[in-house]
*Asks:* 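What follows is a single structure, and I will ask about it in a moment.
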Amino acid sequence: MSEDDTRTGLRCLVTGATGYIGGRLVPELLAEGHQVRCLARSPDKLRDYPWTGEAEVVRGDVTDAESVGDAMREIDVAYYLVHALGSGRDFEETDRRAARIFGEQAKAAGVRRIVYLGGLTPVGVPEEELSPHLRSRAEVGRILLNSGVPTTVLRAAVIIGSGSVSFEMLRYLTERLPVMVTPSWVSTRIQPMGVRDVLRTLVGSATMPAEVNRAFDIGGPDVLTYLEMMRRYATIARLPRRLIFPVPVLTPRLSSHWVGLVTPVPASIAKPLTESLRHEVVCHEHDIARYVPDPPGRPIGFDASVALALQRVRDAQVTTRWSSASYPGTSSDPLPTDPDWAGGSLYTDRREMTVDASPEALWRVIEGIGGDNGWYSFPLAWAVRGWLDRAVGGVGLRRGRRDANRLRVGDSLDFWRVEEIEPGHLLRLRAEMRLPGLAWLEMYAEKDDDGRTRYRQRALFHPHGLLGHLYWWSVSPFHSVVFGGMARNIAKAAAKNAPGGVKEPALTR
């Protein structure tokens, strides 16, 4: 890139802006004076991000050549930050096709550089022996490097930052299990990297010289085993020393279920991550420093990265989370407004009542639902539903909330996702638990014709086949306890937490 380009700012396309890294990269690019366009399948998910008004958001999908081509127009640098995390049998072919489309459209549009964040692969290990996850990331990198557009492939191992999937896995395993029987991969050497340095490297890669077309290993200054990472985390978090006993009998599949049981990370995501830890992932060069120099004091070390991430969690300042992206295999279909649109049946459960509080007080309870605040209903019923969901590979209740008090469109909320939010009035959640159909939960804060505050609640279910109908009728006898109790307790909490009311803590799960 020329000096004029870096002075006036580049036009950057960011894919994966609804994900963990993409959602953090956009404001970093904007802060450097670049113009940013985001390509998203569901632009509404970016509506409430604090930087949305400064960036252009367009609808599209990396597997759709036309939408990618439209998004590439007048772009200087295109960031490729999407990857199917082993979410289906054909995920490698999907990744392959998407990368080819991206490279072809970038070349046709005259894009001057592609920047791709991939995975660090072990040296000397045949590609066929790699996990499908790492193998696919390596292939995507090759496709982009061969696209005819100068490409920077950044290969990172474990990324440590508040809300990252690797950090959440490490955090929950260490905090919840003072004594652990662990898989053998806890003895594998890893070179973790702080998310701040990952973002700094991504931003700096935009201005590489045109002749650079290669992959770079990137990592932090520390090389540790996973066991050492857990023990150092315990020290930083001021936890008692953890007793850890590695055993060779836990296969990647079994250990992924173990991770899914203990942490918020479901087995379907934990499996490709744990498979990737079978081999040592350590940087074998640091050539990136020629183009993106290390800051004074060198990159942030593991201990400092963990301390920063923990502080962000404690201060409720987690800007993006691993669950920001849609959970693989769940539906993103919008709420049907007409049963005929969905092919017939649409079951509903409606609750409505007057609340002795202002709409504002009621809204505070509605927006604060879930996570540590609970669901204002029969706690055991919610817990059992969460356990059952995790038993069949779902997300369960452990994803919690990004922020204890505020929600935005696209946020994960236990086994729901925020599909729509009208501040002070409507919260619509779409179910992401395993179901034989599609489900939504709506909560409204309103005023009636007499000026009284009304709470309105609606649960909707569109069944898939006979199993879906049977599911609804099998659980409907419990709705009066679960949904009826929720409505009553939300109204009660709003009244007691309103000015002049008797304060009480939220009901927990």
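Computation of the quantities below employed the complete heavy-atom set of this structure, encompassing side-chain atoms and omitting hydrogens, waters and symmetry-equivalent molecules.
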*Asks:* May I ask you to check whether Phe102 and Tyr116 place their ring centers less than 6.0 Å from one another?
*Replies:*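 No.
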*Asks:* Decide, yes or no, whether a salt bridge links Arg47 with Glu420 under the criterion of side-chain N to carboxylate O below 4.0 Å.
*Replies:* yes
*Asks:* Answer whether the closest heavy-atom distance between the side chains of Met169 and Tyr226 falls below 4.5 Å.
*Replies:*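 Of all side-chain heavy-atom pairs linking Tyr226 with Met169, at least one is under 4.5 Å.
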*Asks:* How many angstroms lie between OH in Tyr49 and CD in Glu54, if you round to the nearest 0.5 Å?
*Replies:*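 Interatomic distance, Tyr49 OH to Glu54 CD, rounded to 0.5 Å: 15.0 Å.
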*Asks:* What's the spacing between Leu308 CG and Asp303 CG if we round to 0.5 Å?
*Replies:*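 CG of Asp303 is found 11.0 Å from CG of Leu308.
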*Asks:* State which residues pass side-chain hydrogen bond (donor to acceptor under 3.5 Å, both in side chains) with Ser476; sequence neighbours excluded, sorted by chain then number.
*Replies:*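 side-chain hydrogen bond (donor to acceptor under 3.5 Å, both in side chains) list for Ser476, sorted by chain: empty.
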*Asks:* Just jot down the side-chain contact (heavy atoms from CB on, under 4.5 Å) partners of Arg11, sequence neighbours excluded, or say none.
*Replies:* Gln35, Glu74, Ile75, Asp76
*Asks:* Any cation-pi pair here, Arg351 with Phe483, using under 6.0 Å and within 45°?
*Replies:* no
*Asks:* I need the Gln457 CD to Met486 CE distance, nearest 0.5 Å.
*Replies:*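 Interatomic distance, Gln457 CD to Met486 CE, rounded to 0.5 Å: 5.5 Å.
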*Asks:* Determine whether Ile369 and Leu413 satisfy the following criterion, side chain to side chain contact (heavy atoms under 4.5 Å, CB included), listing intermediate values before the conclusion.
*Replies:* CA-CA 9 Å; Ile369 201 165; Leu413 181 58; 4.1 Å; yes
*Asks:* Which residues pass the side-chain contact (heavy atoms from CB on, under 4.5 Å) test with Pro299, sequence neighbours left out?
*Replies:*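 In terms of side-chain contact (heavy atoms from CB on, under 4.5 Å), with neighbours along the sequence ignored, Pro299 is linked to Asp197, Arg200, Pro221, Asp294.
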*Asks:* For the residue pair Trp382 / Asp414, report whether a side-chain donor-acceptor contact shorter than 3.5 Å exists.
*Replies:* no
*Asks:* Just jot down the side-chain contact (heavy atoms from CB on, under 4.5 Å) partners of Thr453, sequence neighbours excluded, or say none.
*Replies:*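 Residues passing side-chain contact (heavy atoms from CB on, under 4.5 Å) with Thr453: Val355, Pro359, Leu362.
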*Asks:* Roughly how far, to the nearest 0.5 Å, is the CG atom of Asp411 from the OG1 atom of Thr320?
*Replies:* 10.5 Å
*Asks:* Taking atom CG of Leu407 and atom CZ of Arg402, what is their separation to the nearest 0.5 Å?
*Replies:* 7.5 Å
*Asks:* Using the test salt bridge (Lys or Arg N to Asp or Glu O under 4.0 Å), find all partners of Arg454 that sit at least two apart in sequence or belong to another chain.
*Replies:* Glu352
*Asks:* Flag the pair Glu419 and Arg430 as a salt bridge only when some basic side-chain nitrogen lies within less than 4.0 angstrom of an acidic carboxylate oxygen.
*Replies:* yes
*Asks:* Between Ser205 and Thr201 (side chain of the first, backbone of the second, donor and acceptor by atom type, cut-off under 3.5 Å), is there such a pair?
*Replies:* yes
*Asks:* From Leu81 CG over to His83 NE2, what is the distance, rounded to the nearest 0.5 angstrom?
*Replies:*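 It comes to 12.5 Å.
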*Asks:* Quick one: list whatever passes salt bridge (Lys or Arg N to Asp or Glu O under 4.0 Å) with Asp70, sequence neighbours left out.
*Replies:*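 With sequence neighbours excluded, Asp70 shows a salt bridge (Lys or Arg N to Asp or Glu O under 4.0 Å) to Arg73, given in chain and number order.
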